[in-house]
Amino acid sequence: MSDLYWLTDEQMDRLYPFFPKSHSRPRVDDRRVLSGIIFVNRNGLRWRDAPWEYGPHKTLYNRWKRWSTMGIFVRMMDGLAARKAEPQTIMIDATYLKAHRTASNLRLKKGLGRLIGRPKAR
């Protein structure tokens, strides 16, 4: 897959101060995992559908869940916003909801309503 997202060295240097300290054993590659988390969230994928280049999907989910609970991502966003960097990205929410075909109008042409799934009264 050629369109994978990878954080650059410059981006990682700006993010390292916000990472929690590793107490026991070293963490797996932060760049790989964080890039995978961004890729999954940006593309609206399930964790299980993450490309294998980012590592096991369970690792991505566990890191995302643990760092979210600890407030690491909030600290990252606050810290980066406080630096007053020049904006380079504009994000637009493109969420949409798909309704069932009968959700818009439940009435028949004659104005008589009927319940979905029930046969017409004769």
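Note that these values count all heavy atoms, side chains included, but never hydrogens, waters or copies made by symmetry.
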Stepwise side chain to side chain contact (heavy atoms under 4.5 Å, CB included) check, Tyr54 with Val40: CA-CA 10 Å; Tyr54 294 125; Val40 167; 5.9 Å; no

Contacts of Ser24 that satisfy side chain to side chain donor-acceptor pair (under 3.5 Å) - sequence neighbours left out: none

Which residues share a side chain to side chain donor-acceptor pair (under 3.5 Å) with Asp9, sequence neighbours left out: Arg31

Any Arg63 side-chain heavy atom under 4.5 Å of Val28 side chain: yes

Student check: side-chain heavy atoms of Gln11 and Ser35 closer than 4.5 Å: no

Rounded at 0.5 Å granularity, tell me how far [atom1] in [X] sits from [atom2] in [Y].
| X | Y | atom1 | atom2 | result |
| --- | --- | --- | --- | --- |
| Trp47 | Thr59 | CH2 | OG1 | 11.0 Å |
| Leu34 | Asp29 | CG | CG | 10.0 Å |
| Ile37 | Leu7 | CD1 | CG | 10.0 Å |

Minimum heavy-atom distance between Leu60 and Val33, given as atom pair plus value: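 Scanning both residues, the minimum pair turns out to be CD2-O, 3.5 Å.
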
Test side-chain contact (heavy atoms from CB on, under 4.5 Å) applied to Arg46 - qualifying residues, sequence neighbours left out: Asp49

Side chain Tyr61, main chain Arg48, donor-acceptor under 3.5 Å: no

Check against side chain to side chain contact (heavy atoms under 4.5 Å, CB included), His57 and Trp52: CA-CA 8 Å; His57 68 275; Trp52 62 269; over 6 Å; no

Side-chain donor-acceptor contacts of residues 66-81 below 3.5 Å, not counting sequence neighbours, with atom names and distances?
from: Ser68; atom 1: OG; to: Trp64; atom 2: O; distance (Å): 2.7
from: Thr69; atom 1: OG1; to: Lys65; atom 2: O; distance (Å): 2.9

